[in-house]
Structures are given as C-alpha cells and as structure tokens.
Visitor: 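Please read through the structure below; I'll follow up with questions.
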Amino acid sequence: MENRYTAAVITVSDKGFAGLRKDTSGPAIAELLREDGYEVISASIVPDDMEKIMTGLVLCADRLCPCLIVTTGGTGFSRRDVTPEATRAIIEREVPGIPEAMRAESMRITPYGCLSREAAGIRGDTLIINCPGSEKAARECLAAVLPALKHGIQILRGWSGECSSNNGHEHKERHCNG
C-alpha cells in the first residue's frame with residue numbers, strides 16, 4: 001500500500017476565530033501542501049489562547065493522526081502570540097532545524113525575519129510546524145522547508161526502513177495509511 005501524506009492546518013488568530021478577519025494564510029498553506037502531494041484532512045481556526053492552541057494541537061495529532069500539522073499565526077512579539085509555547089508544551093521532541101531554516105530564508109527577504117519565533121516538534125507520529133501569520137511569510141517559510149519534510153515523515157513513520165520512535169505515546173491509528 002502506498003504511503004499517504006496527510007496534513008492538518010490550524011490558524012491561530014483571535015480576529016479570524018471571531019470572524020472579524022478573513023483567514024488567508026491557512027488556505028495558502030493548505031494549497032502549498034496539496035501542490036506538494038499532501039491530503040489536507042483538516043483545517044481549523046483557534047483563538048490566540050494557550051489552552052485552546054494546546055487542545056487543538058493535541059486533539060488533531062492524537063485523533064486525526066496526520067503526518068504533519070502546520071500552524072499559522074501567533075509567532076510574533078504580541079503578548080497573545082503564544083503558539084510556540086503551546087507547541088513546545090505538547091510535543092515530545094523538538095526539531096530546531098526547521099524553524100532555523102525558515103528564519104534563515106526570511107532573513108534573506110527582510111531583516112525582520114529574525115523576529116519570528118516559530119517552533120517545530122514531534123508528537124507521536126506527527127510532525128508539528130509553526131509558521132508566521134502573514135500569508136506571504138507563511139508561504140515563504142513553508143516553501144523553505146517543504147522539500148525536506150517528506151523525508152522526515154518517512155523516517156518518523158518508519159516508511160524508510162529506519163525505526164520509528166514514539167517515546168511511549170500511542171495513537172489509536174499509528175500511521176497515515178488508511
């Protein structure tokens with residue numbers, strides 16, 4: 001059976017959640033993922049609230065078991081920008097190279113790229129990546145790392161012949177394969 005690359009997108013935005021602003025970064029990320037061969041199985045919006053972000057990530061990772069979750073928003077300096085903290089609170093292992101690569105790409109475009117606070121990590125068999133909230137920056141950041149993600153997912157899921165390690169965290173459905 002062929003491996004299915006599944007993904008979920010979570011937009012973190014108070015105004016988007018309240019219907020006061022149209023979400024453009026979430027759909028843009030979903031489009032990039034589809035173009036790269038991912039099946040986007042979920043898209044949602046949560047407010048900039050630590051508990052709600054954590055709950056959204058945990059429910060998505062543990063119930064839907066996508067290969068990849070990409071968040072957009074909540075990575076800046078505002079007091080309500082807590083997406084990286086929420087992500088770090090629910091992951092089992094951090095993957096620092098992904099946000100490093102995204103910031104490096106952003107720095108080639110604007111000196112403000114160093115101000116973004118993205119995080120990335122693994123929960124069970126799911127890779128979670130934070131992207132900025134602006135559509136342009138989210139596209140640029142995800143495009144910078146997208147070529148490497150499937151290889152990482154193959155290793156994480158045990159599809160490449162290397163062992164998968166879930167550190168004791170069990171999913172009802174361990175792999176993307178249907």
Side-chain angles (χ1 to χ4, degrees), residues 6-34 38 40-103 106 110 112-142 144-146 149 156 166-173:
T6 55
V9 178
I10 300 175
T11 300
V12 180
S13 169
D14 285 332
K15 290 181 179 176
F17 184 76
L20 302 174
R21 177 185 301 155
K22 182 179 179 187
D23 176 26
T24 61
S25 57
I29 286 173
E31 177 186 341
L32 277 176
L33 291 169
R34 284 186 193 101
Y38 288 83
V40 178
I41 60 171
S42 176
S44 59
I45 302 177
V46 298
D48 289 280
D49 175 87
M50 182 82 163
E51 293 300 320
K52 288 186 168 91
I53 299 165
M54 289 170 51
T55 298
L57 287 169
V58 168
L59 288 175
C60 186
D62 295 358
R63 288 191 182 163
L64 299 178
C65 193
C67 299
L68 175 66
I69 298 172
V70 181
T71 70
T72 175
T75 62
F77 279 22
S78 163
R79 290 189 185 274
R80 299 222 12 111
D81 288 336
V82 295
T83 304
E85 289 76 18
T87 300
R88 285 187 192 101
I90 62 94
I91 60 173
E92 295 148 355
R93 296 181 287 155
E94 201 158 356
V95 184
I98 291 172
E100 288 168 4
M102 292 191 304
R103 280 188 284 275
S106 292
T110 174
Y112 300 136
C114 65
L115 301 178
S116 195
R117 303 180 320 103
E118 298 97 349
I122 296 165
R123 179 178 178 89
D125 287 344
T126 299
L127 175 61
I128 301 171
I129 299 172
N130 302 152
C131 285
S134 114
E135 178 184 342
K136 180 181 182 297
R139 282 181 180 275
E140 292 165 353
C141 286
L142 186 57
V145 298
L146 206 52
L149 297 184
L156 180 63
N166 69 356
N167 290 338
H169 182 80
E170 294 298 327
H171 287 293
K172 289 180 183 174
E173 184 178 334

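Scope of the values below: all heavy atoms of this structure, side chains included, with no hydrogens, waters or symmetry mates. Counting begins at 1 with the first residue of the sequence.
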Visitor: Please examine the side chains of L32 and V70, heavy atoms only from C-beta on, and report whether any two atoms are closer than 4.5 Å.
Guide: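 No. Closest side-chain heavy atoms not under 4.5 Å.
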Visitor: Look up atom CZ in R93 and atom CG in L127, then write down how far apart they are to the nearest 0.5 Å.
Guide: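 It comes to 10.0 Å.
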Visitor: Suppose we screen for side chain to side chain donor-acceptor pair (under 3.5 Å). Which residues come up paired with R139, at least two apart in sequence or across chains?
Guide: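 Side chain to side chain donor-acceptor pair (under 3.5 Å) list for R139, sorted by chain: E31, E135.
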Visitor: Tell me, with the steps shown, if N130 and T87 meet side-chain hydrogen bond (donor to acceptor under 3.5 Å, both in side chains).
Guide: CA-CA 8 Å; N130 302 152; T87 300; 2.9 Å; yes
Visitor: How close do I69 and C60 get, counting heavy atoms only, and between which atoms?
Guide: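 Here I69 and C60 meet closest at CD1-SG, 3.7 Å.
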Visitor: Taking all non-hydrogen atoms of both residues into account, name the closest pair between I41 and P66 and its distance.
Guide: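 The answer is CD1-CB, 4.0 Å.
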Visitor: Do you know which two heavy atoms are closest between T6 and Y38, and how far apart they sit?
Guide: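 Shortest heavy-atom contact: O-CD2, 4.1 Å.
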Visitor: Quick one: pull up CD1 in I128 and CD in E92 and give me the separation to the nearest 0.5 Å.
Guide: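 Here the interatomic distance stands at 9.0 Å.
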Visitor: Taking side-chain contact (heavy atoms from CB on, under 4.5 Å) as the test, write out the residues that go with S106, two or more places apart.
Guide: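 For S106, the residues satisfying side-chain contact (heavy atoms from CB on, under 4.5 Å) (neighbours in sequence not counted) are C141.
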Visitor: Check this for me: does any side-chain nitrogen of one of R123 and D62 sit under 4.0 Å from a carboxylate oxygen of the other?
Guide: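 Judged by the 4.0 Å cut-off on N to carboxylate O distance, R123 and D62 do form a salt bridge.
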Visitor: For R80 and D48, indicate whether the former's side chain and the latter's backbone hold a donor-acceptor pair under 3.5 Å.
Guide: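 Between the backbone of D48 and the side chain of R80 there is a qualifying donor-acceptor contact (under 3.5 Å).
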Visitor: Can you name the nearest heavy-atom pair linking D14 to P47, along with the distance?
Guide: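 Closest heavy-atom pair between D14 and P47: OD1-CB, 3.4 Å.
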Visitor: With rounding to the nearest 0.5 Å, note down the distance linking OG1 in T11 to CG in D23.
Guide: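 If I round to the nearest 0.5 Å, the distance is 3.5 Å.
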Visitor: Restricting to non-hydrogen atoms, name the atom on L64 and the atom on S42 that form the minimum distance, rounded to 0.1 Å.
Guide: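 It is CD1-CB, 3.6 Å.
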Visitor: Can you confirm whether L142 sits close enough to T72 that some side-chain heavy atom of one is under 4.5 Å from a side-chain heavy atom of the other?
Guide: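 Counting from C-beta outward, L142 and T72 never come under 4.5 Å.
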Visitor: For P84 and G74, which heavy atoms make the closest approach, and how far apart are they?
Guide: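 Nearest heavy atoms, P84 then G74: CD-O, 3.2 Å.
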Visitor: Could you tell me if the side chain of P132 sits less than 4.5 Å from the side chain of E118, heavy atoms only?
Guide: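 E118 reaches P132 side chain to side chain.
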Visitor: Is it true that R117 and D81 have a side-chain N and a carboxylate O under 4.0 angstrom from each other?
Guide: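 No, no charged N to carboxylate O under 4.0 Å.
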Visitor: Nearest 0.5 Å, please: how far is CG in L59 from CD1 in I90?
Guide: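 I90 CD1 to L59 CG: 10.5 Å, rounded to 0.5 Å.
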Visitor: So how far is it from I129 CD1 to I29 CD1, rounded to the nearest 0.5 Å?
Guide: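 It comes to 9.5 Å.
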Visitor: Would you compute the distance between atom OG1 of T83 and atom CZ of R88 and round it to the nearest 0.5 angstrom?
Guide: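 If we round to the nearest 0.5 Å, T83:OG1 and R88:CZ are 10.5 Å apart.
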Visitor: Side-chain contact, heavy-atom cut-off 4.5 Å: I53 with I10?
Guide: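 I53 vs I10: side chains apart.
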